Amino acid sequence: MAQSDPVKALEVCKVAPMPHTLNSTAQTSLPLTFFDLFWLRFLSTQRLFFYKLSYPKTTLIDTILPKLKHSRSITLQHYIPLAGNLTWLLDSGKPIVQYNEGDAVSLTVAESEANFCQLSGNSFREAKELHHFLPCLLASQTRVPVMALQITLFPHAGFCVGYAANHTVFDGKLIAMFMHSWASICKRDGESTLSRELTPIYDRTIVKDPSDLEKAYRNGLLADNGANERSLEFWDMKAPPDAMLGTFQLTKANIESIKKWVEAKWQEKHTEKLTFHPSTFAITIAYAWVCLIKTRKLTTEKVHLAFIVDCRARLEPPIPSTYFGNCVTGCIIDVDANKCMEEDGVAIAAWAIGEAIGGLDDGVLKGAKELIPNYLSRLKEGGLVSSIAGSPRFELYKTDFGWGRPSKVEMVSIDKSGAFYLSDSRDGNGGIEIGVVLKKHETEAFASLFASGLEYHRVREN
Ligand SMILES: CC(C)(COP(=O)(O)OP(=O)(O)OC[C@H]1O[C@@H](n2cnc3c(N)ncnc32)[C@H](O)[C@@H]1OP(=O)(O)O)[C@@H](O)C(=O)NCCC(=O)NCCSC(=O)CC(=O)O
């Protein structure tokens, strides 16, 4: 292997669902709902799961690889649309997800001698270094695969599973469910049954659209693509050439300490009781967001935060938690940038986030019609628009294929969106991992603000 070449492709193949399972009840074609259409122009999501193992190359190739491939093929029995494509038929007003006999998930198997520990560590690394371990979704204007995979073997260090997934077809909750299903079947040596919590429900009739959000999303997104409105190509989002990915942690104790402080700040300034729930999510995002605002020393009047909300349990009637597809909406908040930079900036941000979450109780889809224009108008304003990807609820550190928990889970696609990435923590002790993408010159300031803020809370508590 050339010194400068961090990966060598060993094999490019296709993994198809086990053929005997394609009976008449298999779900081979899925119409998009308004929830799916919302994501039509967004880039695919890309994650890496690193597993530390000291096995030599022969064991990785002869033992681990066949198990991963076989279990993957069995898992596709339950998730057949994943082997298909998003396609836009000439006689149809919107794209559909279609599986045709012979379709399969592209799998690249590669080998690397790159530094596994450094790649799977928490310190800032160039995002482009991680792209070597990810597959691409080879998209055309009329057809985009739902998913692609890459398995990279690191002899005497471990292996890495990377995927690219089309967000128009399913949301983070369902991608996580698929990964847990695959791991569970692999761990049980290919035993094909899945628990109810891991079995997807494909029934599209349970998604109701009384306000015709489909029309609003089609008009908003297709019009934005001008004459080429039927193209399935994504918005052209690129990562800055010096994008750096780093991971920060808040322990359960850190979160509790900041939470108490946020509550105390509220009591200082208000006569009424707390009007929102200072959840782990609100506290974590407020803390990381304010570090970013301070790092960038923003002079704009407003800063904006867009976060994703899982609608399944919030709709009336609720949608089953295992519904396959997208079932998320967005929530955008605007906060005074100068206030966020003051001493109690984290409390101000946490109040705004907490109150926006509380507001979802009035109807999770209340502002959904205006979501796309609202988001685009904030982007055009040019101030900071931060967003959040992932969720600790996906419990991705429990994705165990039979060789233990991942040593690291990384969402690399935040390099283009600039989003914060939230995940459970590897030790499972209730802490949160926050993936951050910054330009090289910002990394030191952010890391220093993050650490000094925690030190402030530690000293204050003692
Ligand atoms: C809108 C939210 C972020 C707000 O979260 P909050 O935790 O602040 O608020 P909440 O009302 O949901 O929960 C309040 C309290 O109940 C607990 N709680 C409620 N439901 C829970 C559940 N299912 N699992 C675990 N805890 C739960 C919370 O921990 C919290 O307690 P405590 O005080 O202990 O915290 C969330 O509700 C949500 O929808 N999360 C999922 C977002 C999502 O799907 N993101 C991925 C997008 S797709 C994507 O990005 C692509 C990809 O990932 O691949």
Side-chain angles (χ1 to χ4, degrees), residues 35-36 38-39 42-49 134 137 146-147 162-180 197 250 252-256 258-260 262-263 274 276-287 289 305-315 318-323 325-333 349-362 364-365 367 386-396 398-399 409-414 416-424 428-435:
F35 282 122
D36 304 317
F38 178 84
W39 294 98
F42 286 84
L43 287 172
S44 55
T45 53
Q46 297 164 308
R47 272 194 181 81
L48 292 173
F49 294 69
L134 282 165
L137 283 187
V146 175
M147 196 176 206
Y163 74 68
N166 193 328
H167 210 319
T168 312
V169 180
F170 50 174
D171 58 22
K173 153 88 192 158
L174 253 288
I175 297 170
M177 207 171 102
F178 168 74
M179 291 303 290
H180 286 301
E197 304 84 71
L250 287 181
K252 198 171 166 56
N254 293 146
I255 294 163
E256 283 308 314
I258 303 170
K259 192 183 282 191
K260 276 192 211 144
V262 164
E263 287 170 346
L274 215 59
F276 64 94
H277 172 61
S279 66
T280 298
F281 174 86
I283 297 296
T284 305
I285 292 305
Y287 188 79
W289 191 35
L305 180 79
F307 59 89
I308 297 170
V309 180
D310 188 342
C311 299
R312 289 175 177 81
R314 287 189 156 99
L315 287 166
I319 285 186
S321 66
T322 55
Y323 165 78
N326 284 284
C327 195
V328 291
T329 188
C331 189
I332 305 176
I333 60 166
W351 301 342
I353 298 166
E355 284 185 345
I357 294 168
L360 297 169
D361 293 343
D362 300 337
V364 68
L365 294 176
S386 302
S387 56
I388 317 298
S391 168
R393 292 183 193 177
F394 300 162
E395 297 188 320
L396 289 175
K398 290 188 180 162
T399 318
V409 182
E410 189 88 52
M411 188 164 185
V412 184
S413 45
I414 62 167
K416 290 168 224 65
S417 63
F420 289 107
Y421 167 57
L422 287 195
S423 157
D424 53 330
N429 286 340
I432 302 284
E433 269 191 23
I434 310 153

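From a predicted model like this one, the values you see are computed outputs, not experimental measurements. For this chain, numbers begin at 1 and follow the sequence in order. Numbering of ligands and ligand atoms starts at 1, following listing order.
Contacts of Leu43 classified as side-chain contact (heavy atoms from CB on, under 4.5 Å), with partners at least two apart in sequence or in another chain: Phe234, Met237, Lys416.
The closest side-chain heavy-atom distance from Ile283 to Lys259 is below 4.5 Å.
Expressed to the nearest 0.5 Å, how far CD of Gln46 lies from CG of Leu137 amounts to 7.5 Å. How far CZ of Phe281 is from CD1 of Ile357: 5.5 Å, rounded to the nearest 0.5 Å.
Phe49 and Tyr163 have tilted rings, their planes meeting at an angle from 30° to 60° on a 0 to 90° scale.
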Go ahead and list the nitrogen or oxygen contacts between ligand 1 and the protein that come in under 3.5 Å, distances to 0.1 Å, or just say none.
residue, atom, partner, partner atom, Å
ligand 1, 7 (O), Arg393, NH2, 3.2
ligand 1, 8 (O), Ser279, OG, 2.4
ligand 1, 11 (O), Arg314, NH2, 3.4
ligand 1, 12 (O), Arg393, NH2, 2.6
ligand 1, 13 (O), Arg393, NH2, 3.4
ligand 1, 33 (O), His277, NE2, 2.6
ligand 1, 35 (O), Thr280, N, 2.9
ligand 1, 35 (O), Thr280, OG1, 3.0
ligand 1, 37 (O), Arg314, NH1, 2.8
ligand 1, 37 (O), Arg314, NH2, 3.3
ligand 1, 39 (O), Asp310, N, 2.7
ligand 1, 45 (N), Gly390, O, 3.4
ligand 1, 50 (O), Gly390, N, 2.9
ligand 1, 53 (O), Arg47, NH2, 2.7
ligand 1, 53 (O), Gly390, N, 3.4
ligand 1, 54 (O), Arg47, NH1, 2.7
ligand 1, 54 (O), Arg47, NH2, 3.4

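For the side-chain contact (heavy atoms from CB on, under 4.5 Å) with Arg47, the lone residue among Val412, Leu134, Leu396 that qualifies is Leu396.
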